[in-house]
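For the numbers below, each heavy atom of this structure counts, side chains included, while hydrogens, waters and symmetry mates do not.
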Amino acid sequence: MANLTILRTYALKNVTELPTSVLFSHSDKAMTIYDAYPKSIFHFLVLPRVVSPPPSKKENQSTGEDPGVKSSTSQTVATTESAPASPSSPSVADLSSLRTLLNSRNVSKEQAKEVIVSLKDEALRVKAEIEQEMEKRYGFVWDVWIGFHASPSQEHVHLHVLSGDLCSERMKKKKHYNSFRPKLGFFLHVHEVLSWFDAEPSYYKDITRLSSSKYEALLKEPLSCFHCNSIEKNMPTLKAHLQKEWEKLRVRAENTKKRKLDLSDKALRQPSSNPANTTEEGDASPAHKKPKTDSS
């Protein structure tokens, strides 16, 4: 049970209590942690922090931010399991899952949307850092996905931010893979979830039910490659196939860079033309016109 509630435990803590091996970054409303079982080369989780009344001035002076943790703001939000949540913020119970947040009687539609927008904003900052690291480590940038699991395995709503490769030693089971297949339906892209708030009330009510039985059936679908739709017979062959697909992306990116460099070098080697020195036939510049002679 402890593993199922570990995200909630993190969200209730003051960020100064979390080691840098867990916490990647944070803002006033959200925190980003490393996924303990990454399913891609890069994989993070963004959690809403459980907000309590701000600490006193004395408490602020006695605690400080860990310099090894990135912060989007200079402020911290003190959180303890016994501290009451702010009346303007969803409680820890309301944040148990995406389904709970979207259906809680204690949380307005606007408040639920605000939570998701704050997670998305933090996720976009993380995405930018992932892309920088991609370029630094591998020399090219590929897709980064941001989304929720329709039926998550852990308590406390969390947004996945992961590179679009699904190449990882931790990718061991069919349900792991299908839970992140981008077009299968179990992985709900954040922009899709945000679009629900603009839909008709009847559609919003229906889609936010997020029936576990409906979505968990998707985890049993065949192992279809999200790149080319080929069906693989088991996880080892799928993982080998996905690695080859990622290598193709890498080679393609390297070739594209090489072509651009070649074109750039070719342009630099071409001599610039100077009209003043041109003597080709048909040049109409005054320097090459024959002077008129007096015919008288």
By ring pair (Phe, Tyr, Trp, His ring centres under 6.0 Å), Tyr203 pairs with (sequence neighbours left out) none
Taken in chain and number order and not counting sequence neighbours, the residues that satisfy side-chain contact (heavy atoms from CB on, under 4.5 Å) with Arg137 are Phe42, Glu133
Taking every heavy atom of Val141 against every heavy atom of Glu131, the minimum-distance pair comes out as CG2-O, 3.5 Å
Ile231 meets the side-chain contact (heavy atoms from CB on, under 4.5 Å) criterion, sequence neighbours left out, with Pro222, Ser224
Ring pair (Phe, Tyr, Trp, His ring centres under 6.0 Å) filter on His158, not counting sequence neighbours, yields His160
Note to self: Has His176 got a side-chain atom pairing as donor or acceptor with Lys39's backbone, closer than 3.5 angstrom?
What the structure shows: no
Ile116 side chain near Leu98 side chain, heavy-atom distance below 4.5 Å: yes
When rounded to the nearest 0.5 Å, the distance separating CG of Asp165 from OG of Ser40 is 4.0 Å
So, does Glu155 use its side chain to make a donor-acceptor pair with the main chain of Leu7 at under 3.5 Å? no
Tell me if the NZ atom of Lys109 is crowded by more than 12 foreign heavy atoms within 6.0 Å. yes
| field | Main-chain N/O of Leu95 paired with Arg8 side-chain donor or acceptor, under 3.5 Å | value | no
Taking side chain as C-beta onward, heavy atoms only, is Leu166 less than 4.5 Å from Trp145?
yes
Heavy-atom nearest pair, Phe226 first then Pro182, reads CB-CD, 3.7 Å
For residues 187-201, the side chain to side chain donor-acceptor pair (under 3.5 Å) pairs (sequence neighbours left out) are none
Aromatic ring pairing His43/Phe180, orientation class (parallel under 30°, perpendicular over 60°, tilted between) = perpendicular
Grouping I, L, V, M, F, W and Y whenever their side-chain heavy atoms are under 4.5 Å apart, do Leu162 and Val144 come out in a common cluster? no
Contact check, side chains of Lys172 and Met235, non-hydrogen atoms, under 4.5 Å: no
- [ ] Could you walk me through whether Arg49 and Val15 pass side chain to side chain contact (heavy atoms under 4.5 Å, CB included), step by step?
- [x] CA-CA 9 Å; Arg49 298 173 66 182; Val15 290; 3.7 Å; yes
Counting only N and O atoms by type, is there a donor-acceptor contact under 3.5 Å from the side chain of His156 to the main-chain atoms of Pro48? yes
Value for NZ (Lys174) from CG (Leu223), rounded to nearest 0.5 Å, stands at 5.0 Å
With sequence neighbours left out, the residues meeting salt bridge (Lys or Arg N to Asp or Glu O under 4.0 Å) with Glu135 are Lys257
To the nearest 0.5 Å, atom CZ of Phe187 lies from atom CZ of Arg181 at 13.5 Å
- Task: Under the side chain to side chain contact (heavy atoms under 4.5 Å, CB included) rule, what do Leu18 and Met31 come out as? Steps first, then yes or no, please.
- Result: CA-CA 11 Å; Leu18 296 176; Met31 66 169 64; 3.9 Å; yes
| Val251 with Ile41, same ILVMFWY side-chain cluster at under 4.5 Å | no
Tested for side chain to side chain donor-acceptor pair (under 3.5 Å) against Ser151, the lone hit among Arg99, Glu216, Lys214 is Glu216
Open item on the list: Between Leu210 and Leu184, is there shared hydrophobic-cluster membership here, with clusters defined by ILVMFWY side-chain heavy atoms closer than 4.5 Å?
Closed with: yes
For Phe140, the ring pair (Phe, Tyr, Trp, His ring centres under 6.0 Å) test, sequence neighbours excluded, returns Trp142, Trp246
Inset, instruction - May I ask you to say whether Lys29 pairs ionically with Glu122, meaning some side-chain N is under 4.0 Å from a carboxylate O? - result: no
Separation between OH (Tyr215) and OG (Ser179), nearest 0.5 Å, reads 14.5 Å
Closest non-hydrogen atoms of Val46 and Ala30, given as atom of the first, atom of the second and distance, are CG1-CB, 4.1 Å
Is there a path of hydrophobic side-chain contacts, each under 4.5 Å between heavy atoms of I/L/V/M/F/W/Y residues, joining Leu12 to Leu159?
yes
Asp206 meets the side-chain contact (heavy atoms from CB on, under 4.5 Å) criterion, sequence neighbours left out, with Arg209
dist Leu119:CG -> Ile146:CD1 (nearest 0.5 Å) comes out at 11.0 Å
Notebook entry, point to check: Do Leu218 and Ile207 belong together in a cluster built from hydrophobic side chains that touch within less than 4.5 Å?
Noted result: yes
Residues at least two apart in sequence or cross-chain that pass ring pair (Phe, Tyr, Trp, His ring centres under 6.0 Å) with Tyr34, listed by chain then number, are Phe24, Phe44
When you compare the side chains of Asn234 and Thr237, does any donor N or O come within less than 3.5 Å of an acceptor on the partner? yes
Residues at least two apart in sequence or cross-chain that pass side-chain contact (heavy atoms from CB on, under 4.5 Å) with Lys248, listed by chain then number, are Glu245, Arg252
Notebook entry, point to check: Taking the side chain from Ser168 and the backbone from Arg170, do they hold a donor-acceptor pair closer than 3.5 Å?
Noted result: yes
Nearest heavy-atom approach of Ala123 to Val161 is CB-CG2, 3.6 Å
The side chain to side chain donor-acceptor pair (under 3.5 Å) partners of Lys258 (sequence neighbours excluded) come to Asp262
Measure from the side-chain N and O atoms of Ser96 to the backbone N and O of Ala93, and report whether any donor-acceptor pair falls under 3.5 Å. no
By side chain to side chain donor-acceptor pair (under 3.5 Å), Ser104 pairs with (sequence neighbours left out) Asp94
In this structure, OG1 of Thr9 is separated from CG of Asn3 (nearest 0.5 Å) by 10.0 Å
Inset, instruction - Please test Phe186 against Leu219 for side chain to side chain contact (heavy atoms under 4.5 Å, CB included), starting from the C-alpha separation and ending with a verdict. - result: CA-CA 8 Å; Phe186 191 91; Leu219 300 179; 3.7 Å; yes
Is the shortest heavy-atom distance from the side chain of His241 to the side chain of Ser230 under 4.5 Å?
yes
When every non-hydrogen atom of Val115 is compared with those of Pro90, the smallest separation belongs to CG2-CG, 3.8 Å
For Met134 and Asp143, the nearest pair of non-hydrogen atoms, with its separation, is CE-O, 3.8 Å
Would you say the side chain of Lys239 lies within less than 4.5 Å of the side chain of Gln243, judging by non-hydrogen atoms? no
